[in-house]
Amino acid sequence: MPIPPRRGRVRIAPVEGRFSDFASKHEQAMEEPDRFKLERMKKRDALREMGVDPYGGRVDGVMPCAEVRAAAEPLNIADGERSDLRARVAGRIALLRVMGKLAFLTIDDRTGRIQLGLSKQEIGDQWPMVRQLDLGDIISVEGVVGKTKTGELTVWASSVTVLTKALRPPPEKWHGLTDVELRYRQRYVDLFANPEVRDVFRQRSEIIQAVRQYLLDCGYLEVETPALQPIYGGAAARPFTTHHNTLNMDLFLRISPELYLKRLLVGGMERVFEVCRNFRNEGISTKHNPEFTMIELYEAYADYRVMMERVEGMFAAAIERAGILAAIERRRGELEETYQTKGTAESAAAAGGGDRPAHSAKAWAAEVRLKEHRACVELIRQGRMAVVFGHDVLDFTPPWRRARYADLLREYNDIEMSDHAAVLAKAESLEIPTKLKDGSPVDHDVLVNAIFEATVEYHLVQPTFVYDYPAAICPLTRRHPENPSIALRFEAFVAGMEIGNAYTELNDPQVQEENLRRQVAGEGDETMAVMDEDFITALEYGMPPAGGLGVGIDRMAMLLTNSKSIRDVILFPLQRRGG
RNA sequence: GGGGGUGUAGCUCAGUCGGUAGAGCAACGGCCUUUUAAGCCGUAGGUCUUGGGUUCGAGUCCCAACGCCCUCACCA
């Protein structure tokens with residue numbers, strides 16, 4: 001099939017003035033349009049020839065689809081009837097059924113979908129326009145709200161406006177976009193093709209907003225500290241490096257905001273938090289993205305016990321204000337429906353004579369998920385803050401379980417944290433290296449923590465605060481007043497995943513300096529902290545005793561939206577070039 | 001970095017033992033005023049990720065590269 005000649009620049013970029021050169025240059029650089037694009041460009045041009053701008057502008061008074069539904073509800077419109085309710089709606093064409101002189105389209109907006117009815121008789125002169133519409137175009141219509149014979153709520157258009165002609169076809173209308181790589185690389189397609197993806201990101205936004213509001217209600221101040229730092233610290237991680245040209249100065253992207261937020265405590269900002277993007281130059285996994293979001297907070301005159309309450313409060317606020325429980329009840333209802341309908345009528349037709357009850361693949365998938373959804377909804381109805389995560393039901397109702405680090409270590413390994421011989425033997429049995437490259441022995445507390453990570457963490461499915469950590473792995477934490485080998489630190493675990501980390505902060509500048517110097521010198525590893533003299537200076541002016549806490553927002557969003565991978569709660573996860 | 005999986009039409013997927021590359025959706029032409037993933041008739045659409053190799057013949061077997069997923073390692 002011969003490729004039609006390129007269209008002239010005036011046709012391609014009819015906008016006058018400043019953008020036409022730009023568009024034309026890019027048009028030349030673009031790959032040869034495929035047959036889908038050519039067809040759609042033809043329709044775009046046909047629209048222009050009939051005097052219709054295929055890229056319309058502002059539309060006032062648009063009613064979201066969900067509001068149209070809500071407004072129609074009390075009118076009790078009978079099937080086949082129309083109401084007096086007039087509405088203007090706008091959205092992307094998700095389904096398109098044209099039959100001769102009547103067309104039904106389903107458009108999709110941020111609140112849902114609604115059917116539009118366009119008839120030649122009613123829209124008259126505009127009818128030829130309908131033939132130039134495709135799936136994926138963005139339009140608005142104005143008309144009256146009614147119901148079809150089959151009871152489908154429909155906006156019967158009296159006028160149609162083309163807002164955006166799409167030059168590329170959307171993915172398959174039934175399956176949507178499922179190729180994981182394409183979903184991440186072209187998230188914009190994923191978002192409009194898969195409405196449930198939009199729901200996840202709406203919930204993520206509401207979760208962050210809920211947490212923010214909770215902290216504001218607790219008297220916190222939201223602050224912003226540098227992401228570009230001359231010295232990195234506050235965590236043990238490898239940083240990204242960059243360079244400032246004018247200052248001729250190497251800089252690091254922050255791995256943690258901790259040392260800056262503590263300076264604010266010194267400055268008298270007694271309750272501060274930051275919604276903070278951190279950057280760590282490390283591995284990528286279902287639980288790690290090189291850039292990720294934390295909420296870190298510091299509260300003067302508090303300690304790590306208070307921080308436990310903050311974690312509980314943040315989750316409770318998020319679950320309530322982001323509508324998490326209602327979403328799970330809805331999901332359960334959908335699954336029940338899929339299971340009922342696809343598991344009976346459809347499968348009976350397709351069964352053909354198997355021995356066991358036949359179910360369609362969808363019904364089978366629904367059945368598998370129903371078990372935990374039913375259990376979860378049962379808990380919700382008892383007033384619990386329960387969510388479904390994979391095959392687990394997680395109960396976030398405060399108070400969460402509080403378990404001492406040493407007790408858990410004993411429970412799952414039958415060893416005492418302080419018993420070096422036992423720890424060494426256990427580490428060897430787990431094939432944890434007990435010697436450094438230079439042959440010197442690995443620090444006792446480091447071994448203990450390796451054992452803990454390997455043997456305890458994955459057991460911690462229900463929300464659990466693990467507290468009182470071995471001190472050597474906690475250089476920024478205050479020691480236990482009666483046992484200096486213990487640090488007043490907890491980590492919060494859910495579904496085997498660390499989701500929060502808190503300390504009773506160390507505010508003795510001398511001890512802090514010693515800890516940091518030991519860390520910098522001791523490990524001799526590039527991942528270890530760089531000495532931050534100014535941070536010590538700040539502590540010397542006096543930092544109030546305080547509790548500090550960091551919560552991983554991406555992981556929190558994973559838990560509350562039942563997402564297995566961190567990439568499903570990050571809009572544009574890092575991908576390799578290419579693809 | 002190790003191990004496992006995967007890559008076929010715009011999208012979702014089949015492709016048996018190595019023997020001319022298939023379906024549904026989308027598209028194009030036609031019919032159609034109550035559809036619900038609309039339907040019916042017809043048409044077109046492919047560098048089977050890339051590069052080597054084995055073979056008379058490779059989507060299929062072998063080797064390598066690249067992307068993606070899972071997993072381990074790394075990672076307070």
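In the text below, chain A, chain B and the rest are named by the order of the sequence lines, each starting its count at 1. Please read all numbers here as calculations on a predicted model, not as lab measurements.
- To the nearest whole angstrom, the two C1' atoms, one in B:U43 and one in B:U55, are 37 Å apart.
- With sequence neighbours left out, the side chain to side chain contact (heavy atoms under 4.5 Å, CB included) criterion links A:Arg555 to A:Lys287, A:His288, A:Met497, A:Glu498, A:Ile499, A:Met558.
- Checking B:C28, B:A76, B:U34 against the side-chain heavy atoms of A:Pro475 singles out B:A76 as nearest.
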Anything under 3.5 Å between a protein N or O and an N or O of nucleotides 11-14 of chain B, put it in a table, one pair a line.
unit_1: B:C11; atom_1: O2'; unit_2: A:Glu172; atom_2: N; d: 3.0
unit_1: B:C11; atom_1: O2'; unit_2: A:Gly176; atom_2: O; d: 3.4
unit_1: B:U12; atom_1: OP1; unit_2: A:Thr178; atom_2: N; d: 3.0
unit_1: B:U12; atom_1: OP1; unit_2: A:Thr178; atom_2: OG1; d: 3.3
unit_1: B:U12; atom_1: OP1; unit_2: A:Asp179; atom_2: N; d: 2.8
unit_1: B:U12; atom_1: O3'; unit_2: A:Thr178; atom_2: OG1; d: 3.1

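- Not one side-chain nitrogen or oxygen of A:Ser119 sits closer than 4.0 Å to the OP1 or OP2 atom of B:U34.
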Pair up each side-chain donor or acceptor in residues 193-200 of chain A with any protein partner under 3.5 Å, not counting sequence neighbours, and list the distances.
unit_1: A:Asn194; atom_1: OD1; unit_2: A:Leu177; atom_2: N; d: 3.4
unit_1: A:Asn194; atom_1: ND2; unit_2: A:Leu177; atom_2: O; d: 3.0
unit_1: A:Asn194; atom_1: ND2; unit_2: A:Asp190; atom_2: OD1; d: 2.7
unit_1: A:Arg198; atom_1: NH1; unit_2: A:Asp108; atom_2: OD2; d: 3.1
unit_1: A:Arg198; atom_1: NH2; unit_2: A:Asp108; atom_2: OD1; d: 3.4
unit_1: A:Arg198; atom_1: NH2; unit_2: A:Asp108; atom_2: OD2; d: 2.8
unit_1: A:Arg198; atom_1: NH2; unit_2: A:Asp109; atom_2: O; d: 3.3

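- With C1' as the reference atom, B:A76 and B:G3 are 27 Å apart, rounded to whole Å.
- Taking atom C1' in both B:C68 and B:U49, the straight-line distance is 11 Å, to the nearest Å.
- Of all nucleotides listed (B:U34, B:G10, B:C69), B:C69 comes nearest to the side chain of A:Tyr184.
- With distances taken from any side-chain atom of A:Thr154 to the nucleotides B:U35, B:A27, B:U34, the minimum falls on B:U35.
- Stem regions annotated for RNA chain B: B:1-7 with B:66-72, B:10-13 with B:22-25, B:27-31 with B:39-43, B:49-53 with B:61-65, counting only runs of 3 or more consecutive pairs of Watson-Crick or G-U type with both contacts under 3.5 Å.
- Remark: ring of A:Trp174 overlaps the six-membered base ring of B:A37 in a stacked fashion, centroids less than 5.5 Å apart, planes less than 30° apart.
- A:Tyr467 and A:Asp407 share no donor-acceptor pair across their side chains, judged by distance under 3.5 Å alone.
- Taking every side-chain heavy atom of A:Ser565 into account, B:C70 is the closest of B:C69, B:U34, B:C70.
- The distance from atom CZ of A:Arg489 to atom SG of A:Cys474, rounded to the nearest 0.5 Å, is 4.0 Å.
- Each salt bridge (Lys or Arg N to Asp or Glu O under 4.0 Å) pair with one or both residues in residues 566-575 of chain A, not counting sequence neighbours, appears once here: A:Arg183-A:Asp568.
- Side-chain N/O atoms of A:Gln575 include one lying less than 4.0 angstrom from OP1 or OP2 on B:C69.
- For B:C28, one of the phosphate oxygens OP1 or OP2 lies less than 4.0 angstrom from a side-chain nitrogen or oxygen of A:Lys43.
- Closest to the A:Arg576 side chain, of the nucleotides B:G67, B:G10, B:U34, is B:G67.
- Listed in residue order, the members of residues 485-498 of chain A having a heavy atom less than 4.0 Å from RNA chain B are A:Arg489, A:Glu491, A:Glu498.
- In this structure, A:Arg97 reaches the B:A38 phosphate: one of its side-chain N or O atoms is under 4.0 Å from OP1 or OP2.
- Within the 4.0 Å cut-off from OP1 or OP2 of B:G10, not a single side-chain nitrogen or oxygen of A:Arg168 is found.
- Residues A:Arg280 and A:Lys120 each lie close to RNA chain B; by heavy-atom proximity, the contact nearer the 5' end of the strand is made by A:Lys120.
- Going from atom CD of A:Glu152 over to atom P of B:U35 covers 11 Å, rounded to whole Å.
- Relative orientation of the A:His459 and A:Tyr412 rings is parallel, given thresholds of 30° and 60° on the angle between their planes.
- Contact annotation: A:Arg567 reaches the phosphate of B:C70 (side-chain N/O to OP1 or OP2, under 4.0 Å).
- Checking B:C68, B:A76, B:C70 against the side-chain heavy atoms of A:Leu476 singles out B:A76 as nearest.
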